[in-house]
Amino acid sequence: MSESRWDKGWILEEIVSQFDLAPAQSIQIVGSGHINDSYQVITDKGNVFLQRINHLVFRPVKELMRNMEQLLELMHRSSDSNYPQLIRTRSGENMVYNESTDSYWRMTTFIPGVSMANTTDLNIAREAGKAIAVFHQKTKPLDPANFYPVIPDFHDMFWRYEQFYNACAEDVANRLMGVLPLVDWVESMEDEMTALPTEVLQHRIPIQVVHNDTKLENILFDEKQEVICLIDLDTVMPGTILYDIGDALRTLPVNLPEDAENVENLEISMAITRAFIEGYLTIQYDKLNDYELKWLPFAAPYMTFIMGIRFLTDYLAGDVYYKTQKDKHNLFRARNQFALVKKWLELQPELKTFIQDHVTQNVKSTQQS
Ligand code: GN1
Ligand code: MG
């Protein structure tokens, strides 16, 4: 059992008892998310997954659940779906609100599988790329207007800069002086980092329903290294496919976790990067427009930078958004992500050539067939 405040006394048991399932034998904390709290509940009739939804982050909780229901309905309609089933309460609701602790809870079936923070296995990288592409293929026909933006402008760098400047101006935790060189560097990157959202604003890069949190940890594999499903569906909402490609690349080919402090040892594997992109393009190649292809190499530095600026903003704001486990945790995360951004920017020419060659080959093979 964990030490979190939900485990004291009766709270978890009382919440579990409101869902329509067999009596619980035990409740164990699972997962490593930065936002919600997750538990596995063991019952006579199988295991289920219980989550407390952090409603300070996901304020429109009802809309969040509606997004999730719609997505799961879509996935279950396709015959290969391994996505979890939502478990309703005894009165038929899709979540429980616990008044005495002001907390929201939902439950799904528990899908056993393996998830990892990064990989050195080309097959895993290729399968991850394919899985994200399949997800995009399935969500493409959905009307983005039917999916509520539970965190508006989530991956909009203009908005992230605004929040960052506010945090600097307020400096509530009195930490700004300690990070001035980093803050200066972030400021100097603004034009380069807002070029992609400018293309989005000009409708050159299409908006569709995407996952928005495709770090490798959110892709569940079975023991044969095949993808079971994407997990952590809270941010499924309008976005661009580049956000998902970029967030996967932010994690999958990198040798150290996102909070590693020894940033001088960070490395990005180009072989893994290529395998992931190849996997993605096998499924989605002819669906990408010219702008998406043009910006594809930049997806990785973009998403890595957005995480960096978000971590730094939270550090300046006094660690109010992400869970932290140690002093300066958010600052270590930010430094790590920014070190990776520099590496990704160095790799841009190589990545562009790779994608260009890939495109040329694909065009040739389409012409021949
Ligand atoms: C958060 O809760 P978790 O760990 O799945 C965050 C993502 C970041 C991620 C960084 C709603 O996700 O955007 O990519 O941390 N989710 C939200 O690891 O902010
Ligand atoms: Mg998440």
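Read the numbers this way: they start at 1 and go in the same order the structure lists the ligands and their atoms. Along the sequence shown, the residues carry numbers beginning at 1.
- Annotation: side chain of Glu187 is in contact with side chain of Val183 (closest heavy-atom distance under 4.5 Å).
- Annotation for ligand 1: atoms under 4.0 Å from non-hydrogen atoms of Lys215 are 3 (P), 4 (O), 5 (O), 9 (C), 10 (C), 12 (O), 15 (O), 18 (O).
- Applying ring-ring contact (aromatic ring centres under 6.0 Å, His included) to Phe311 and the options Phe338, Tyr321, Tyr322, Phe164 leaves one that passes, Tyr322.
- Close approach of ligand 1 to Tyr322 is summarised as follows: ligand atoms under 4.0 Å from at least one heavy atom of the residue are 15 (O).
- For ligand 1, the atoms closer than 4.0 angstrom to any heavy atom of Phe58 are 11 (C).
- In terms of polar-atom proximity, defined here as any N/O pair under 3.5 Å, His155 makes no such contact with ligand 1.
- For the pair Asp232 and ligand 1, a heavy-atom separation below 4.0 Å is found.
- Remark: ligand 1 and Asn212 share no N or O pair separated by less than 3.5 Å (distance only, no angle test).
- Relative ring orientation between Trp185 and Phe305 is described as tilted, the plane-to-plane angle lying within the 30° to 60° band.
- Within the set Arg333, Glu258, Arg310, Gln337, the minimum heavy-atom distance to atom 13 (O) of ligand 1 is found for Arg310.
- Outside the 6.0 Å centre-distance limit, the rings of His76 and Tyr83 are not counted as a close aromatic pair.
- Under a 4.5 Å side-chain heavy-atom cut-off, the cluster of Ile, Leu, Val, Met, Phe, Trp and Tyr residues that includes Phe332 has no other member.
- Ligand 1 has no atom lying under 4.0 Å from any heavy atom of Glu217.
- With a heavy-atom cut-off of 4.0 Å, Asp213 touches ligand 1 through its side chain alone.
- Other members of the hydrophobic cluster containing Leu201, listed by chain and number, are Phe158; membership follows side-chain contacts under 4.5 Å among ILVMFWY residues, whether direct or relayed.
- Using a 4.0 Å cut-off to heavy atoms of Gly33, the atoms of ligand 1 that qualify are 2 (O), 4 (O).
- With a 4.5 Å cut-off on side-chain heavy atoms, Arg160 and Ile309 count as touching.
- Under the side chain to side chain contact (heavy atoms under 4.5 Å, CB included) rule, Asp234 has a single partner from Asn36, Asp213, Val57, which is Asn36.
- When each atom of ligand 1 is checked for a heavy atom of Tyr321 under 4.0 Å away, the hits are 11 (C), 17 (C), 19 (O).
- Taking every heavy atom of Arg250 and a limit of under 4.0 angstrom, the matching atoms of ligand 1 come to 10 (C), 14 (O), 18 (O).
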